[in-house]
> 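The structure is given below, and queries will be raised subsequently.
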Protein chains: 2
Amino acid sequence: MTRKAAEDYGYDYNIPLDEFFQFAISVDCVIYGYHEGKVKVMLIKRGADPYKGKWALPGDLVYPKEALDEAARRVLTELTGLEEIYMKQVHTFGAVDRHTLGRVVTLGYMALIEMYKHPLKADGWAEEVGWFEIHEIPDLAFDHNEIFSESLKFLKQSLESHSPVGFEMMPKKFTLLDYLELTEYVLNKRLDKANFRKKLLAQDFIEPLEEVQKNVKHRPAKLYKINKKKIELET
Amino acid sequence: MTRKAAEDYGYDYNIPLDEFFQFAISVDCVIYGYHEGKVKVMLIKRGADPYKGKWALPGDLVYPKEALDEAARRVLTELTGLEEIYMKQVHTFGAVDRHTLGRVVTLGYMALIEMYKHPLKADGWAEEVGWFEIHEIPDLAFDHNEIFSESLKFLKQSLESHSPVGFEMMPKKFTLLDYLELTEYVLNKRLDKANFRKKLLAQDFIEPLEEVQKNVKHRPAKLYKINKKKIELET
DNA sequence: CCAAAAGTGTTCATTCTACACCCATGG
DNA sequence: CCATGGGTGTAGAATGAACACTTTTGG
């Protein structure tokens, strides 16, 4: 692309247009899962410099012919083996010196998975994969702590307003008190059981099943499911 | 950057790393202003192809050594002559074919200005600058209608929850009913005057002045101002 | 006096919060 | 029977919605 061509397109710069086409784009995913009362985030340990040995968010560069959401979905699927993951773009970070390889602008995504489902596997550039409780995230590579914080802020807001995202971390059939536990853990505060139940059951996307818990040594809890069709109508 | 060097950094791709550094980044700003009861958005008319003659959001390519917010602020300042503009990154768009010049990923920003302050000026690549009522936005160039919609969604949410952003479009001293009018226009519905007052005055960042309106042929309204310090404490 | 917009008070309905209580199961 | 968690009811406070009313100015 010559400068003349660029001008025909409506640009008029003092530096050649090519200079602008030097960026790389990456996606970094904050993958949340719920396991035994705790919400955790999947991190990978970097196997090479920069930040060798540091934990980082899983991510990758976006291919030149790849859509942004597509790239995020690729990372998620490769890492977890799951399709159909809830995923949302949260914020874009692009400090000039955030990456040592060159100018890399990264899109932070938040993803929620049913943790028990996914077969953990280390990737090519990761030595190790681990799950960390969201309240005990270590120092991460690059600006990943900031990306994590933004995503957590969003997750908290969603749970506080009872918008139907937390369910993406639960199994298809779940009890209301499991979900209460998840919410309490993320928000880091106790909630009233009775009021929480009422609030949830008032939402019409949550539907009771005829089934109950098995093998518990107390009164078995009723199981519920999410009706995704009703969710889509709301938005 | 050679492939070997890239591998040292922890990347291992089948295509050379350079291939990834082909993107350009741009920022597109949805600039809102309030004038005579109506909220409007600033658009520029494109002077060249593609989309010659179409209205578009003001924006620009990000320079290789420039931070993202910095680029957005540059666009805003160049266009309006104002410093200190409220500005917020909203969403990033990057469909593969969204731009004819090459792969350009764009960050949508929302900005709010005190409209009466700014001296309108057409830019190099714009034939014309115009303000359009937010409920009558024409077909825009690129994916700019989508960027606009995202920003409007955010603005509506902010106003509904009475978070202190709409004030950025008002003069330093304003009446509560002016602000009511602004809110009604954006949300496109009538609100109860009395309840709106109570709600607003309950927020502690809004403070009454000793001053009142002048030259009106009815009971003059009290003027209020925003205490920015209190806003920062909240967030 | 009147017109016009500013500003207040009251009522009723809805939602939130706290907390006490009952229920079903395994052992 | 008890322990354990599941599940319900209710009273009082806080908030929201609707609407009638009073106040202050210019003319």
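Here is the naming used below: chain letters follow the sequence lines, and residue numbers restart at 1 for every chain. Values in this document were obtained by computation on a predicted structure and should not be read as measured data.
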> Among D:dG7, C:dA18, D:dT25, which nucleotide sits nearest the side chain of A:Lys198?
C:dA18
> In this structure, how many angstroms lie between the P atom of D:dA3 and the NZ atom of A:Lys217, rounded?
11 Å
> C:dC2 C1' sits how many Å from B:Arg219 CZ, rounded?
17 Å
> Can you tell me how the ring of A:Phe174 sits relative to the ring of A:Tyr224, calling it parallel under 30°, perpendicular over 60° and tilted otherwise?
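The rings of A:Phe174 and A:Tyr224 sit tilted, inter-plane angle from 30° to 60°.
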> Whole angstrom is fine here: how far is it from CG in B:Asn215 over to C1' in D:dG27?
14 Å
> Indicate, with yes or no, if the rings of B:Phe196 and B:His162 have centres closer together than 6.0 Å.
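Yes, ring centres under 6.0 Å apart.
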> With nearest nucleotide decided by heavy atoms, which residue, B:Leu177 or A:His218, maps closer to the 5′ end of DNA chain C?
B:Leu177
> To the nearest Å, how far apart are B:Asp178 CG and C:dA6 P?
8 Å
> Hey, are A:Lys172 and A:Glu114 close enough for a salt bridge, meaning a charged N less than 4.0 Å from a carboxylate O?
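So A:Lys172 pairs with A:Glu114 through a salt bridge.
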> With ring centroids as reference points, do A:Phe154 and A:His91 lie under 6.0 angstrom apart?
no
> Rounded to whole angstroms, how far apart are NZ on B:Lys222 and P on D:dT23?
17 Å
> Output the residues of residues 183-196 of chain B in contact with DNA chain D, where contact means a heavy atom of the residue under 4.0 Å from an atom of the strand; sort by number or write none.
B:Asp192, B:Ala194, B:Asn195
> D:dG16 phosphate, OP1 or OP2: any side-chain N/O from B:Lys199 under 4.0 angstrom?
yes
> Whether the side chain of A:Glu128 engages the backbone of A:Lys45 through a donor-acceptor N/O pair (distance < 3.5 Å, no angle test) should be reported.
no
> Between P on C:dA5 and OH on B:Tyr179, what's the gap in Å once rounded to a whole number?
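Checked: the OH to P distance equals 22 Å.
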> Which nucleotide, D:dT24, D:dG7, D:dG26, lies nearest any side-chain atom of A:Ala221?
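Nearest to the side-chain atoms of A:Ala221, counting from C-beta on, is D:dG7.
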> Write down the distance between NZ (A:Lys214) and P (C:dT25), rounded to a whole number of angstrom.
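The answer, rounded to whole Å, is 12 Å.
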> Would you mind checking if B:Glu150 and B:Lys153 are paired as a salt bridge, meaning a charged N to carboxylate O distance below 4.0 Å?
yes
> Looking at A:Lys38, I want to see if its NZ is surrounded by more than 12 non-hydrogen atoms of other residues, nucleotides or ligands under 6.0 Å.
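Check fails, neighbour count at 12 or below.
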> Rounded to the Å, how far apart are B:Gln213 CD and C:dA5 P?
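From B:Gln213 CD to C:dA5 P: 11 Å.
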